[in-house]
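Contents: one structure, followed by commentary.
Just the heavy atoms: all of them, side chains too, but no hydrogens, waters or symmetry mates, feed the values below. The residues of the chain are indexed from 1 along the displayed sequence. Since we're looking at a predicted model, the values are computed, not measured.
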Amino acid sequence: METQWVSEFPHASMDKRPRKRPRLTWDMPPPVPPPKIMAKINCGQEVGNPTVLNLAPALYIGGLNRNGSPPRRQDDKDGHYVFVIGETLTPRYRILSKMGEGTFGQVLECWDMENKEIVAIKIVRSVYKYREAAMIEIDVLQKLAKHDIGGTRCVQIRNWFDYRNHICIVFEKLGPSLYDFLRKNSYRSFPIDLVRDLGRQLLESVAFMHDLRLIHTDLKPENILLVSSESVKVPDYKFLSWSSKESSYFKNLPMSSAIKLIDFGSTTFEHQDHNYVVSTRHYRAPEVILGLGWNYPCDLWSVGCILIELCSGEALFQTHENLEHLAMMERVLGPLPQHMVNRADRRAEKYFRRGVRLDWPEGATSRESMRAVWKLPRLPNLVMQHVDHSAGDLIDLLQGLLRYDPNDRMNAREALRHPFFTRDLRRCGY
């Protein structure tokens with residue numbers, strides 16, 4: 001079967017969502033000829049109809065069929081594409097390595113033999129809901145690419161195609177995520193000046209998306225990628241005084257602080273339904289947990305949690321259930337506003353005693369859960385444990401980003417004008 005490309009991005013103009021367009025696919029299985037025709041083909045007899053010849057199964061030579069694709073393999077039990085290093089995805093992309101895997105599918109490092117560059121290809125599981133989410137992500141990526149002049153805020157899409165029932169999205173190759181960098185650095189925090197630079201870029205990207213009426217809904221360190229993989233080793237003065245391990249004397253810092261947002265599979269438009277649960281647990285805003293509906297401010301709550309994690313090296317709310325999560329919030333930020341408690345939906349009512357106060361510690365599931373909440377300090381103390389200078393400005397910024405009421409929470413443009421960012425610029429002469 002003749003293979004066809006799906007048009008590359010960005011498109012000059014498109015007024016329909018990609019999910020509404022016919023999906024052109026790579027390497028679809030050929031239709032099976034009638035039994036009589038198959039018998040003639042298998043016996044080597046000449047068949048005069050050229051259309052029938054095109055129906056014959058592809059011939060494989062040296063592991064590749066005639067259109068340059070590897071032999072067909074069955075997907076694994078979860079619908080992941082099964083690949084071999086060195087094979088191709090369509091004749092254009094050669095697989096170099098596996099970069100990562102998630103619930104959505106896999107990300108492979110590939111060599112683009114047409115453009116002569118390394119790319120990252122997200123291969124989505126052959127499961128309906130993930131295929132549909134991928135088409136939404138392509139829609140969002142198209143919109144972002146059209147407006148992100150220079151491609152400095154969000155990962156750039158190069159192309160997409162449907163291959164053997166897997167949506168494949170081709171991206172520019174970037175460096176590690178902020179989470180991976182922290183993890184490989186033994187979860188050591190970033191210096192405050194680097195946190196300031198990363199936070200400024202993150203807020204600029206969020207403001208850019210919000211201006212386009214888009215809500216990311218899944219901001220977290222895993223979805224923020226450094227542009228470059230290069231790092232430099234520097235002394236870690238926090239460990240020099242007491243550690244006996246030579247490896248503890250140093251920590252790695254990125255050589256470039258440039259970052260870009262990724263993973264727009266959960267991104268929503270302003271006009272869409274905003275009543276379901278969004279965000280990864282540790283970065284989920286209180287209005288989401290209480291079932292009050294959500295909007296742009298849920299992204300800013302996530303930004304506040306991310307900034308604390310970059311300063312401390314650890315996620316602020318390390319929990320896996322709602323009541324404990326709300327108790328952690330109250331421990332760090334003070335009691336929830338009564339008007340939000342009063343409006344909590346039926347599923348969230350059980351977290352409160354007589355609809356007045358949080359059912360804590362009475363409702364705790366274990367002593368370990370109680371200890372996890374009890375050990376958390378108040379927000380100012382938490383920041384001052386990790387930040388030497390600029391602590392006051394950072395605390396004030398975080399108190400604006402982590403306001404319970406989304407109507408009172410800072411928006412991205414307001415946060416960018418905060419002294420935590422502007423005082424540093426004035427000091428540099430801007």
> With sequence neighbours left out, what residues match Glu230 under salt bridge (charged side-chain N to carboxylate O under 4.0 Å, His left out)?
Replying inline: none
> How would you list, by chain and number, every residue that makes a salt bridge (charged side-chain N to carboxylate O under 4.0 Å, His left out) with Asp211, sequence neighbours excluded?
Replying inline: Arg413
>> If we check side-chain contact (heavy atoms from CB on, under 4.5 Å) with Val288, which of these qualifies: Thr217, Asn275, Val277?
In response: Val277
> Can you name the residues that form a salt bridge (charged side-chain N to carboxylate O under 4.0 Å, His left out) with Arg331, not counting sequence neighbours?
Replying inline: none
> When you check the side-chain N and O atoms of Asn223 and Ser177, is any donor under 3.5 Å from an acceptor?
Replying inline: no
Quiz: residues 339-349 side-chain donor-acceptor pairs under 3.5 angstrom, not counting sequence neighbours:
from	atom 1	to	atom 2	distance (Å)
His339	NE2	Asp405	OD2	2.9
Asn342	OD1	Gln338	NE2	2.9
Asn342	ND2	Gln338	O	3.3
Asp345	OD1	Arg347	N	3.3
Asp345	OD1	Ala348	N	3.0
Asp345	OD2	Arg347	NE	3.4
Asp345	OD2	Arg347	NH2	3.1

> Does a donor on one side chain and an acceptor on the other come within less than 3.5 Å for Asn411 and His210?
Replying inline: no
> Are the side chain of Arg353 and the backbone of Asp359 linked by a donor-acceptor contact shorter than 3.5 Å?
Replying inline: no
> Aromatic ring centroids of Tyr163 and Tyr93 under 6.0 Å?
Replying inline: no
>> My understanding is that only one of Arg125, His80, His166 makes a side-chain contact (heavy atoms from CB on, under 4.5 Å) with Asp75; could you say which?
In response: His166
Tabulate below the donor-acceptor pairs under 3.5 Å that side-chain atoms of residues 95-104 make, not counting sequence neighbours, or state none.
from	atom 1	to	atom 2	distance (Å)
Ser97	OG	Glu109	OE1	2.7
Lys98	NZ	Glu101	OE1	2.4

>> Test of understanding: with salt bridge (charged side-chain N to carboxylate O under 4.0 Å, His left out), list the residues that count as partners of Arg213, not counting sequence neighbours.
In response: Glu270
